[in-house]
Colleague: 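First, the structure itself, so that you have it in front of you.
Throughout, residue positions are numbered sequentially from 1 according to the sequence presented. Just so it is clear, the structure is predicted and the values come from calculations on it, not from any experiment. First listed ligand is number 1; within each ligand, the first listed atom is number 1.
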Amino acid sequence: MLKYSGKSLYAEGVSVSALAGKLGTPLYVYSAARLLKNYRAFDSGFARLPHLVCFALKANSNLSVARTFARSGAGADIVSGGELYRALLAGFSPKKIVFSGVGKTREEMKSALAKGILCFNVESVEELQSLNETARSMKKRAPVSLRVNPEVQAGTHRHITTGTKENKFGIPKSHILSAYETARRLRNIEIVGLQAHIGSQITSVAPFERLVIVLLEIVDQLAGRGIRLKHLDLGGGLGITYHREVPPTPADLARAFEPRLKGRTLKLLFEPGRFLVGEAGILVTRVLYRKRTGHKTFVVVDAAMNDLARPALYDSYHEIVPARKNGNARETVDVVGPVCESGDYFARARSIPYSERGDYLAIKNAGAYGFAMSSQYNSRPRAAEVMVSGRKWRVVRKRETLEDLIRGEK
Ligand code: LLP
């Protein structure tokens, strides 16, 4: 989606600095073509297996981003009533929506039951009972997958590992059969599948392969008890290249799964977030000041941890490139934001092209868990979001105003 034409950086056919000059910064810029390319890579990678790709809205819940996937036939993975609201507005068919999350409320269950979603991914026996009661009160049956904690190491950051004994997610592998027996006895529960999600930013095939093995074992044990499943939901987690990672492609995963799934009629569900949106977005920011301390050089920019929290939270790497090349000089700097926290940084001791006051920089791979995790911390209005498509662009979320900051306050 990003390339230089001469000295200027372009997002598809749109000059990044022209856009930033017009709309102000910080500014999220998404490429429609890249969103579609990512979705197609996932969908066609698994073409030989029956499957449904459910976009994990938590990675980027902007309505226009979500709608791009909905129009292409994707489903949605939601984790709250708020995401259900967004998913429906974006045009996802309820029949393609799965509802994940460790703490669904009755109200959330009710609205999802009323819409007739594809599946609830249930994470505890208490939640199962609560869902059963809620469905009974509505004279409905709730379609359910149980989420198993498969005890598979994803080999990723500890904050985004989810499938080990230490994590709050899912039902322990050792309890999963008895949980299915409980589910079978509940009259307003309909068992449809089995789900797991082992973590995020996974950059090798092996953890996914181990996951498939564990899940198929459970599928077979359930079949032995007369419980037959329609689908197997492998969660999300496929990584992207932030720095030097070389993650597998969806087609690589499909090739690894195919021999194991041969002769089975199970439909596969996936819940990718990062893979679909991560590389399709940048955060554009302006250099406010330079500060040399004798010890270091700081480049202070107008975006901050409230706009993109990943470096502060996970020490994550995001490549930073200039919107206009000034020459070949490079320097080693800390790129930091204006928020009053030492953790407010985008790069530390990083060699980047020399930049000065007023220059625009693009922080790359910011499409996933960027705007979605942004806040108004330090009373900073949230950034604007824009979608480019060829030479066209469209503001898909207005920059917040000062009034937005105090809405509802007294
Ligand atoms: N399904 C479930 C049940 C999940 O918990 C998640 C992510 C996904 C799907 C999508 O995973 P993905 O394909 O995007 O890896 N804020 C962190 C990532 C948190 C991921 C939480 N769960 C970050 O910025 O790296």
Colleague: Ligand 1 and Ser100, any nitrogen or oxygen pair closer than 3.5 angstrom?
Modeller: no
Colleague: Go through it in stages, so that I can follow the logic: the residues are Phe92 and Phe69, the test is side-chain contact (heavy atoms from CB on, under 4.5 Å), and I'd like the CA-CA distance, side-chain angles, deciding distance and then a yes or no.
Modeller: CA-CA 8 Å; Phe92 289 100; Phe69 297 126; 4.2 Å; yes
Colleague: Within less than 4.0 angstrom of ligand 1, does Phe275 place any heavy atom?
Modeller: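 No, that is not the case, since the closest heavy atom of the residue is not under 4.0 Å from the ligand.
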Colleague: Please tabulate, for the side chains in residues 45-53, all donor-acceptor contacts under 3.5 angstrom to protein atoms that are two or more places apart in sequence or on a different chain.
Modeller:
| residue | atom | partner | partner atom | Å |
| --- | --- | --- | --- | --- |
| Arg48 | NE | Glu258 | OE2 | 3.3 |
| Arg48 | NH2 | Glu258 | OE1 | 3.2 |
| Arg48 | NH2 | Glu258 | OE2 | 3.3 |
| His51 | ND1 | Phe46 | O | 3.1 |
| His51 | ND1 | Leu49 | O | 2.8 |
| His51 | NE2 | Asp43 | O | 3.2 |
| His51 | NE2 | Asp43 | OD1 | 2.6 |

Colleague: Could you tell me whether Asn121 approaches ligand 1 through its side chain, its backbone, both or neither, with non-hydrogen atoms closer than 4.0 Å?
Modeller: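 Neither; no heavy atom under 4.0 Å.
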Colleague: With a distance cut-off below 6.0 Å to the six-membered ring centre and an angular limit of 45° from the axis, does Lys104 pair with Phe120 as a cation-pi contact?
Modeller: no
Colleague: Which of the listed options, Gln195, Lys58, Arg310, holds the heavy atom that is closest to atom 22 (N) of ligand 1?
Modeller: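 Closest candidate by heavy-atom distance is Lys58.
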Colleague: Evaluating non-hydrogen atoms only, which member of Gln201, Arg274, Met373 is closest to atom 25 (O) of ligand 1?
Modeller: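 Selected option, by shortest heavy-atom distance: Arg274.
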Colleague: Can you confirm if the NZ or CZ of Arg382 lies within 45° of the ring axis of Tyr28 and under 6.0 Å from the centre of its six-membered ring?
Modeller: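 Ring-cation test returns no.
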Colleague: For Tyr242, is the NZ or CZ atom of Arg310 found under 6.0 angstrom from the centre of its six-membered ring and inside 45 degrees of the ring axis?
Modeller: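 Yes, a cation-pi geometry.
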Colleague: Does Ala59 have a heavy atom less than 4.0 Å from any atom of ligand 1?
Modeller: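 Outside the 4.0 Å threshold, so no.
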Colleague: Near Arg147, which atoms of ligand 1 are under 4.0 Å from a heavy atom of that residue?
Modeller: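 Taking each heavy atom of Arg147 in turn, ligand 1 has 3 (C) under 4.0 Å.
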Colleague: Could you tell me whether the side chains of Arg290 and Thr297 share a donor-acceptor contact shorter than 3.5 Å?
Modeller: no
Colleague: Check the pair Trp393 / Lys22 against side-chain contact (heavy atoms from CB on, under 4.5 Å), numbers first and verdict last.
Modeller: CA-CA 12 Å; Trp393 55 268; Lys22 197 167 210 117; 3.5 Å; yes
Colleague: Identify, by atom number and element, the atoms of ligand 1 in contact range of Gly237, meaning under 4.0 Å from any of its heavy atoms.
Modeller: 11 (O), 12 (P), 13 (O), 15 (O)
Colleague: Using a heavy-atom cut-off of under 4.0 Å, does the side chain or the backbone of Tyr314 touch ligand 1, or both, or neither?
Modeller: side chain
Colleague: Between Glu123 and ligand 1, which residue portion shows a heavy-atom distance shorter than 4.0 Å: side chain, backbone, both, or neither?
Modeller: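 Under 4.0 Å from ligand 1, Glu123 contributes no heavy atoms.
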Colleague: Residues in salt bridge (Lys or Arg N to Asp or Glu O under 4.0 Å) with Glu385, at least two apart?
Modeller: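 If we apply the salt bridge (Lys or Arg N to Asp or Glu O under 4.0 Å) test to Glu385, skipping adjacent residues, there are no hits.
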Colleague: Would you mind listing which atoms of ligand 1 come within a distance below 4.0 Å of any non-hydrogen atom of Ala56?
Modeller: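 Those atoms are 10 (C).
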Colleague: Identify, by atom number and element, the atoms of ligand 1 in contact range of Glu271, meaning under 4.0 Å from any of its heavy atoms.
Modeller: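 Matching atoms, with element in brackets: 1 (N), 2 (C), 3 (C), 8 (C), 9 (C), 10 (C), 13 (O).
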Colleague: Say whether Tyr314 and Gln201, considering side chains only, have a donor N or O and an acceptor N or O under 3.5 Å apart.
Modeller: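 On atom types as modelled, these side chains do not qualify, holding no pair under 3.5 Å.
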Colleague: Please verify whether a non-hydrogen atom of Pro272 lies at under 4.0 Å from ligand 1.
Modeller: yes
